[in-house]
Amino acid sequence: MPIKDCKLYIVGIGPGRTDLMTVAAQQAILESDYVIGNTTYLDQIEPLLPGKKVITSSMGEEIARARHALELASEGNTVSIISGGDAGVYGMAGIVLEIAEKECASAEGADADADAGTRIQVIPGVTAANAAASILGSPITSDFASISLSDLLTPWEDIEKRISGAAASDFVIVLYNPKSRNRNTNFGRCIEIVRRHRSGSVPVGLVKNAYRDGERAVVTTLERALDYDDFVDMHTTAIIGNSESRIWGERIITPRGYHRKYDY
Ligand code: SAH
């Protein structure tokens, strides 16, 4: 399938609340003939959908969803494919671009379309790391590493290596996908690995359903984090502080380093 005259937006709609979606994301959706996404995300953008052809797709059907979006766009339609948070952070941007890249490479002669990629636009959104951090205060004001604990697409050995590396290098660590229905132990295993490198008093923030119904936040420490193992679920983002992070009331502060240079 040649990707000709393709106008495809890969849209990140933020963590959940309408006012945390960018104006560009809203415009892309309003401009589109077709909007494709899973039900949770389509519910979030319902006010923007009247008059659109809406295609609902299930979790786990990302490849089919990406192909479908590219196909509709190549037929001359304007299409938005929706991701929660930011589409480039564990979202749809990667798989859509990978499939487009493959299709361009396999198209021959007159069908080959070197500019196809430029007609696919990724619209940024507020990712869960930002959303959770804002609720917790300023936990990621210094260098941070983002790690997904989902071993559906990444081998667990690789995830463990990344956790150890980030923990040993004193990065603040943001954990996406800390649990899912079938992977209940990954969060616990991750905390154990970080404990080998970091003091038990290091702050840990857990934010569930940031900027959505049912929002809840917990501030605790590395040594107490597993007391909240049941609290952590697939709608939670966890942030583990670095050696300088501290708790102030209900908040986590990771200093940027001003104290090393200034008196205040
Ligand atoms: N593209 C998304 C991430 C998808 S991975 C983004 O940029 O945010 C799914 C994981 O993101 C969840 O398991 C959870 O860890 C995190 N997440 C997404 N939305 C969230 C929210 N509103 N509150 C807390 N965590 C969230």
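We count ligands from 1, going down the list as the structure has it; atoms in each ligand are counted the same way.
Atom 13 (O) of ligand 1 has as its closest protein heavy atom M234 O, 2.7 Å. For atom 24 (C) of ligand 1, the closest heavy atom belonging to the protein is H235 O, 3.1 Å. The nearest protein atom to atom 9 (C) of ligand 1, hydrogens excluded, is given as N177 OD1, 3.5 Å; this is a heavy-atom distance. The closest protein non-hydrogen atom to atom 11 (O) of ligand 1 is Y176 CD2, 3.4 Å.
Looking at every heavy atom in both residues, K208 comes nearest to T236 through CG-OG1, 3.6 Å.
Residue contact check: T127 has heavy atoms under 4.0 Å from atoms 6 (C), 7 (O), 8 (O) of ligand 1.
Some N or O of V89 is nearer than 3.5 Å to an N or O of ligand 1, by distance alone. For A210, a nitrogen or oxygen atom sits less than 3.5 Å from a nitrogen or oxygen atom of ligand 1, counting backbone and side chain alike. Looking at ligand 1, you'll find an N or O of A128 within less than 3.5 Å of one of its N or O atoms. At least one N or O atom of G84 sits closer than 3.5 Å to an N or O atom of ligand 1.
For the pair P178 and ligand 1, a heavy-atom separation below 4.0 Å is found.
Inspection of the S199 and S201 side chains reveals an N or O donor paired with an N or O acceptor under 3.5 Å.
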